[in-house]
Number of protein chains: 2
Amino acid sequence: MRNQEKDYSGVSVQALWRLPYYLNYIKSLDEAKYSCISAPIIAKALNLNEVQVRKDLAAVSNSGGKPKTGYVAKELISDLEEFLGYNSVDEAILVGVGHLGKALLSYQGFENCGLNILMGFDKDEAIIGTNVCGKQILPLDKLKDLCWRMSVNVGIITVPAKEAQMICDMLVEAGIRAIWNFAPVHLHVPDYVLVQNENLAASLAVLSKNLTESLKEK
Amino acid sequence: MRNQEKDYSGVSVQALWRLPYYLNYIKSLDEAKYSCISAPIIAKALNLNEVQVRKDLAAVSNSGGKPKTGYVAKELISDLEEFLGYNSVDEAILVGVGHLGKALLSYQGFENCGLNILMGFDKDEAIIGTNVCGKQILPLDKLKDLCWRMSVNVGIITVPAKEAQMICDMLVEAGIRAIWNFAPVHLHVPDYVLVQNENLAASLAVLSKNLTESLKEK
DNA sequence: ATTAAATCGATAACAAAGTATCGATATAGA
DNA sequence: TCTATATCGATACTTTGTTATCGATTTAAT
Ligand SMILES: NC(=O)c1ccc[n+]([C@@H]2O[C@H](COP(=O)([O-])OP(=O)(O)OC[C@H]3O[C@@H](n4cnc5c(N)ncnc54)[C@H](O)[C@@H]3O)[C@@H](O)[C@H]2O)c1
Ligand SMILES: NC(=O)c1ccc[n+]([C@@H]2O[C@H](COP(=O)([O-])OP(=O)(O)OC[C@H]3O[C@@H](n4cnc5c(N)ncnc54)[C@H](O)[C@@H]3O)[C@@H](O)[C@H]2O)c1
C-alpha cells in the first residue's frame, strides 16, 4: 500500500528506505577525517542496529569493509548513488500545479536523485502557459502526445483526490510506467505500472497516534 | 527510520498506515447501497489480502462483523476516526515557510485529520508579518514562548536540510513532543520526542529503483 | 424449514525483517 | 614482533508481519 512490495536485488523494501540516509550521512562527513567509516559509527549516528547497517551496505556495495577500519567512504558513496539510480536520469511530468505541485516543480533537490521533472500540466486556464521555475505549464490535451514523444516514464499526481484516478488513467494511457501519487486515494493501475503513494494524511495519522500514546504514558 | 518503531494498541506500524486507506475507501461508498461492507470487498478495492483487512479492522473496532453481511459501514468509520485521533485536535506550528511550507500551511485537509497548524515561523524578514491562508508568519524568537503558552505539541520542519537540526533543537527546547520532518536528514532528539520523517527523496529513490528493475524485466 | 453461500473470527503455517553471536582478520600500540 | 581490540562477514536465532485454513454463524433462496 505504502511501498512497492517486491524486493529487487536482494534489498528489502525497508532497507531501500534506509539507503538515502546512509548516503546522506556519509556525504556529510568531513572527508579528510573520515576517509573510512565503520558500520557501528553509522549505526550510532542514525539510530540503527550495527548488524543491520552492515547487511544493508553489503547488499549494495561490493567494495567490502576491512576489519578495524570499516569501509572506504568514497566507494560507499559511489556505490550507493549507483544503486539508487542517482546517475541515470528518469524523465517525469507533473499533473496538478497547485500549492503542492508548485513546490515539487520548484524543488532542485530531485535532480541530484536522478529525477528530471520536465513540465507541469493543469486544467486551469489561468495557469496554463505560465511557467514555474522555468518549467512550462501545459493543458491536459497535450499530455499524451508529449509523454510518448519524450519517452517520459514517471508521472507525478498532485491533483485533488477525486480527480486522481482519472488523471492516473490518462497517464497510463500515455505510456507512463511509474506514478508518484500525492493524492490520498488508492489508485487502480495495470500490473506493469508502479504506484508509489505519498500519503501525507496517513503519515500524519501515524504521527498523531504515536503522539497520543506517548503523551498517555506519562 | 521511516516510521515510529513501537506498535501501540496491538496495531503494527504497517497496519496503521493502511487504516487511513480503509477509512477513505469506506467513506467514499454510497451509504444507501453499502450500509454494510465486508472484508473481501475492501481487500479487493485496495489490493490487499482479505485476512489482513479483517485483522486490521478487528484491532481498531469492537463493533465486529457479521457473517454473510460484513461490518456496519457507519460504525467502522467512526471507530477508525476515533482510533486515528481525527476527533481530538493536535495543535501544531510550522518552521520554514518556503515552497513546501506554504503548501502545507494552505492545505485544508489536515484539519479533518485532527491537525491544526496555528502559524508559521521563518527567518526571512520579507515573509515575517505576512500571512498564508490566514495563518500568521512570525520570527523565530517568538517560537518558544508561543509554543509554551498555546501548549503546542507538534512541530513541522520545512527548512533547508542544513538548518533542520538546529530548528529541531529549538522545537525540543520549546516543549514540542512530536516532529514532522520534511528535511532529508536524520534528526537527533531526546527519547521522549517523536520524529516522523517525510523524506520525499527517499521515497523517490524507492520509486526509481523499482522502475529501473521493472523496465529491465521486459 | 432446510440448504447453500458468504463471511466472520481464531488458529496455525509461512515469510520477511531485524538482532545476536562467533570466528576471522586487519590495524594500532606495547 | 607480538598482542589487544575493533570491525567485518556469515550464520543462527528472534521477532514481526502476512497469508492460508477451518469451523461457526448468519442470511437468502429453495
Ligand atoms: N498541499 C498540501 O500540503 C497537501 C498535503 C497532503 C495532500 N495533498 C494532496 O495533494 C493534492 C494537491 O493538493 P494541493 O494543496 O496542491 O491542491 P490545490 O488545489 O492547490 O491544487 C490542485 C491543482 O490541480 C489542478 N487540477 C484540478 N483538477 C484537475 C484535473 N482534472 N486535471 C488537471 N489539473 C487539475 C487545479 O487546477 C490545481 O492547480 C491533493 O490531492 C491533496 O489532497 C496536499
Ligand atoms: N519543495 C519540495 O518539493 C521538497 C521536496 C523534498 C524535500 N523538501 C525539503 O523540504 C525543505 C524545504 O524545502 P523548500 O523547497 O520549501 O525550500 P525553500 O527554500 O523554498 O524554503 C525554505 C524556507 O525556510 C526558511 N529558512 C531557512 N533557514 C531558516 C531558519 N534557520 N529558520 C527559519 N526559517 C528558515 C527560508 O527563509 C525559506 O522560507 C528542505 O529541507 C527540502 O529539502 C522539499
Side-chain angles (χ1 to χ4, degrees), chain A residues 1-19 21-22 26 29 33-73 75-76 79 202 206 210, chain B residues 1-19 21-22 26 29 33-73 75-76 79 202 206 210:
Chain A
M1 172 123 287
R2 171 107 202 257
N3 311 315
Q4 259 41 71
E5 332 68 30
K6 268 177 107 169
D7 65 329
Y8 296 109
S9 346
V11 178
S12 75
V13 182
Q14 346 257 349
L16 196 42
W17 275 97
R18 291 188 290 267
L19 300 183
Y21 285 90
Y22 296 146
I26 300 167
L29 296 172
K33 218 173 154 191
Y34 290 94
S35 62
C36 282
I37 180 82
S38 72
I41 292 179
I42 298 175
K44 205 164 184 196
L46 300 181
N47 247 289
L48 297 170
N49 178 287
E50 162 193 343
V51 180
Q52 186 171 55
V53 173
R54 222 174 272 130
K55 258 190 164 178
D56 288 348
L57 294 180
V60 302
S61 168
N62 307 320
S63 311
K66 278 193 202 164
K68 189 85 180 197
T69 49
Y71 307 83
V72 179
E75 292 179 0
L76 274 191
D79 287 344
V206 175
N210 286 328
Chain B
M1 172 123 287
R2 170 107 204 258
N3 310 315
Q4 258 44 68
E5 333 66 32
K6 268 177 102 168
D7 66 327
Y8 296 110
S9 344
V11 179
S12 76
V13 182
Q14 349 253 355
L16 196 41
W17 274 97
R18 290 188 290 266
L19 299 183
Y21 285 90
Y22 297 146
I26 300 167
L29 296 172
K33 218 173 155 193
Y34 291 94
S35 63
C36 281
I37 179 83
S38 72
I41 292 179
I42 298 175
K44 204 163 184 198
L46 300 181
N47 247 288
L48 297 170
N49 178 288
E50 162 193 344
V51 179
Q52 185 171 55
V53 172
R54 223 174 270 129
K55 255 192 164 177
D56 289 348
L57 294 180
V60 302
S61 168
N62 307 320
S63 310
K66 278 194 203 164
K68 190 86 182 191
T69 49
Y71 307 84
V72 179
E75 292 180 0
L76 273 192
D79 287 344
V206 175
N210 286 327

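Chain letters run A, B, ... following the sequence lines, proteins first and then strands; every chain starts at 1.
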Trainee: How long is the straight-line distance from CD1 of A:I26 back to CG of A:L57, given to the nearest 0.5 Å?
Mentor: 6.0 Å

Trainee: When you measure from the side-chain N and O atoms of A:Y71 to the phosphate of C:dA26, is any distance below 4.0 Å, counting only OP1 and OP2?
Mentor: no

Trainee: How close do B:Y21 and B:W17 get, counting heavy atoms only, and between which atoms?
Mentor: CD1-O, 3.5 Å

Trainee: Could you report the tightest heavy-atom contact between B:Y22 and B:L46, atom names first, then the distance?
Mentor: CD2-CD1, 3.6 Å

Trainee: Rounded to whole angstrom units, what separation is found between the CG atom of A:L48 and the P atom of C:dG18?
Mentor: 9 Å

Trainee: For each nucleotide in nucleotides 20-30 of chain D, reading 5' to 3', give B when a protein heavy atom comes within less than 4.0 Å of its base, S when such contact involves only the sugar-phosphate, and - otherwise.
Mentor: B----BBB---

Trainee: For B:A15, give me all partners under side chain to side chain contact (heavy atoms under 4.5 Å, CB included), at least two apart in sequence or on another chain.
Mentor: B:V11, B:S12, B:R18, B:D56

Trainee: Whole angstroms only, please: what is the NZ-P distance between A:K44 and D:dT7?
Mentor: 11 Å

Trainee: Strictly below 4.0 Å, heavy-atom distances to any atom of DNA chain D: list the hits from residues 34-41 of chain A, or just say none.
Mentor: A:S38, A:A39, A:P40

Trainee: Just to verify, what does A:S38 make a side chain to side chain donor-acceptor pair (under 3.5 Å) with, not counting sequence neighbours?
Mentor: none

Trainee: CG of A:N47 versus C1' of C:dG18: gap in Å, rounded?
Mentor: 15 Å

Trainee: Have a look at the helix from C:dA1-D:dT30 to C:dA30-D:dT1 and give the angle its two end axes make, five pairs each, rounded to 10 degrees.
Mentor: 10°

Trainee: Please report, rounded to the nearest Å, how far the P atom of C:dG9 is from the CG atom of B:D56.
Mentor: 13 Å

Trainee: Rounded to whole angstroms, how far apart are CD on B:Q52 and C1' on C:dT11?
Mentor: 17 Å

Trainee: Which residues pass the side chain to side chain donor-acceptor pair (under 3.5 Å) test with A:Y71, not counting sequence neighbours?
Mentor: none

Trainee: Can you name the residues that form a side chain to side chain contact (heavy atoms under 4.5 Å, CB included) with B:V72, not counting sequence neighbours?
Mentor: B:C36, B:K74, B:E75

Trainee: Just grab all the salt bridge (charged side-chain N to carboxylate O under 4.0 Å, His left out) pairs involving residues 34-51 of chain A, residues at least two apart or on different chains.
Mentor: A:E50-A:R54

Trainee: Find the distance A:E50:CD to C:dT19:C1' and express it as a whole number of Å.
Mentor: 10 Å

Trainee: Rounded off to whole Å, could you give me the CD-to-C1' distance for the B:Q14 and D:dT19 pair?
Mentor: 15 Å

Trainee: State the CD1-CG distance between B:I42 and B:L76, to the nearest 0.5 angstrom.
Mentor: 6.0 Å

